Every structure is written in structure tokens, then in C-alpha cells.
Amino acid sequence: MKNLKVSTVILAMAFIGLTTISCKDAKKESTNEDGHQMEASHDNNNNHKDEGSVSDTPEVEANADNTQKSTATTPIIDAYIQIKNALTTDNKNEAAKGGTALVAAFSEFDMSSLTGETHKEYMEIVESAKEHAEHIVKSPIDHQREHFEVLSTDINDLVALLGTEKTLYQDFCPMASNGKGAIWLSEVEEIKNPYMGSKMSTCGSIQKQIN
Amino acid sequence: MKVVKKIALVLLIVFVGIQFIPTSRNQSDVVPATDFMLVNKVPKPITNKLQASCYDCHSNNTKYPWYNKIQPVAWLLEDHIKEGKAELNFNEWDDLSNRRKKSKLKSIISQIEDGEMPLSSYTFIHRDATFSDTEKQEIIKWMTQLKDSL
């Protein structure tokens, strides 16, 4: 009889225990979500309805010769390059680390010198890029690559907007993005493709040199 | 036999007990002016499909079936909705910059293409939320057009 009681109690405790644990998890996530939402509402302040031409100017028009020499963007670009290099070697964990570094670089970026249109465009780029960086942190490698695709456009636009002290290469792979093609930025002249996996590492060509 | 009864009793008490723990409902009568359907010209079949397949977790208004008001199902659902809305909220579509709209559309397309959305745990219960192959193609085609027009 005693045994029965004991087992009943244990079962009940286990059940309660389990439910509280799942409840806790939910809470934890919700704080995360809140962070996310804050970001989203932040976005509201900076949204505008018909910026079209400003934000989607494709990379091609970006100033090839007259990119500003700026060191402010260096931590951001370094983190981006870290993700890129991890993806060229199929290293998911390293890419995730780069994602974390990129989010940190954005929050440390001093945007006090940015004004007007530049500030607005910067905010839009960052909101998008940060979101992709966050996803790169928590996603499997194929998703990391999908997010890296858009991230590359964002970073490319950021470089066009604010400049860099670095010499960068804008590379293009026609096979990426299910044959639609995608660009990436590289710090080295040699082609090391981040989209196709290490097996097709040399697929792609240089479209433009920055600085 | 007695053991089984006792376990059942305890479980019943716990089950009744957790019903009193409140959960927040995702419900709203207002469709904001920023809603996806209001700012885009969405063909009727696509509107219907999106509302049936996506809006429960990606908008401010969930149509709850009765069993979703019961714990612990409601907790699970609350979590899903929270996560879903943080990723994408169709009601707040026009709050996004064009840059982010494009990026969201790209994600929508790839999620539907890969069959990752709607979640299989959702379509298991909501049979009408499943995409047939034709519906899939139609919606992807339309979303791609929208993306390219931005």
C-alpha cells in the first residue's frame, strides 16, 4: 500500500515538474521575443512608405572608385567576413559566432554622426541586417546561407552608404539562390564561394573592387 | 487497481488545476491599416489561402478552436503564436521598410517552397491550411511578383 502511495506521489510530482519546466521555457522565450518586438517597434519609428528608390539601389551603382575611407564600419565588416569565411568551409558553428559578433558590432556602432537620409537608410539596413545575423546564429547551415544572401546585399549597401577603409571584392555566384544568383563581399581576391559549400568553392567571379 | 484510480485522480486534479492558470489570447477586432491585404492588391483566392493558412499565427487575431482553450494545449499555442508574430505579422506589414518587406517575402517564398510552413503540426489539425501543389505554385508566383515590384 505504501508503495502505491509513493508511486502516485512521484507520478504527480513528475507531471507538475514537467509542466513547470515547460512553462519556464516558455517564459524564457518570451523575454527573447520581447527583445525582438522592441526591435520591431523601433522599426515603426523609422518606417516610411515609398522609399523604394533609396533602399533598393542595387549594388552595381555603388561608387566603385569613390567609396569613402571610413574605419567606423570595420567591426561590422569584420564580423560579416567571419560569417562568410565560415560558410566557405561549411562551418555552421563558426558562422553562428560571426552572427553574434555582427549583432554586437551593430549595437556598438556610433551613429551619432549620421543625419537625415543617411541615418534613415542606415537604420533600415541595420534592422534588416541584424535580423539576418540573429537568424544565422540559430539556424542550420542551409538557412544560414539564405540569410547570408540578403545580409550580403545589406552590407554591400552599408559599405556604399558609409564607406570602408578596407579593400573589398564584390563577388557574384550565378548558381546561388536556386539559380537566381547572389553576391557576397570578400576581403581576398581569390574566389571562395560561401553559398555552394566547400565542394564548389571556386564558383563565381569578381564583379567589382571596392577601394 | 487502486493505484490506477489514485493516479488517475491525481492527474485529474492537476489537469483541472492548470486550467486556472491564465494565458493571453491573441485576439483583436481591429485590422490595422498596415495589414498586408489592405496595402497590397491581393487576389481573392490568395487572400483566403493566406488567412486560412497563415493568419492564425502571423497576425493579431487567432481563430481558436475549442480545444485550444484547454491547458496545456493553450500554452503550447501561445508560444507558437508569439514566435510566429515576432517573425512576421501580416497585420503590421506596412510598418516594414521596403528592404525588409523584400526580405520577408523571400523568406515566405522559401518557407512555402520547402514545405516548412505552414507547420505540419498545424496542418494536421487544420486540413484546409495545407497547400496543394497548384496553390503552392500560385502563391509563390504571386509573392515573387510582389517582391520584384518593390
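This is a predicted model, so every value here is computed, not measured. Below, chains carry the letters A, B, ... as their sequence lines are ordered, and counting in each starts from 1.
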A quick test of your reading: do over 12 heavy atoms of other residues, nucleotides or ligands sit less than 6.0 Å from [atom1] of [X]?
X       : atom1 : answer
F124(B) : CZ    : no
K180(A) : NZ    : yes
M37(B)  : CE    : yes
D148(B) : CG    : yes

Can you tell me how far apart [atom1] ([X]) and [atom2] ([Y]) are? Round to the nearest 0.5 Å.
X       : Y       : atom1 : atom2 : value
T153(A) : R99(B)  : OG1   : CZ    : 8.0 Å
K101(B) : S128(A) : NZ    : OG    : 13.5 Å
K120(A) : S97(B)  : NZ    : OG    : 10.5 Å
E124(A) : L96(B)  : CD    : CG    : 10.5 Å

Original post:
Quick one: do the E146(A) and S110(B) side chains pair a donor with an acceptor below 3.5 Å?
Top reply: yes

**OP:** Run the salt-bridge test on R100(B) and E131(A) with the 4.0 Å N-O cut-off and return the result as yes or no.
**Re:** yes

Original post:
When you check the gap from the basic side-chain N to the acidic O, do E149(A) and K106(B) get nearer than 4.0 Å?
Top reply: yes

Original post:
Where does D114(B) contact chain A at under 4.5 Å (heavy atoms): side chain, backbone, both or neither?
Top reply: side chain

Subject >> Contact origin within D154(A) toward chain B - heavy atom pairs under 4.5 Å >> reply: both

Subject >> Identified side-chain contact (heavy atoms from CB on, under 4.5 Å) partner of S103(B) from the options H132(A), E127(A), H147(A) >> reply: H132(A)

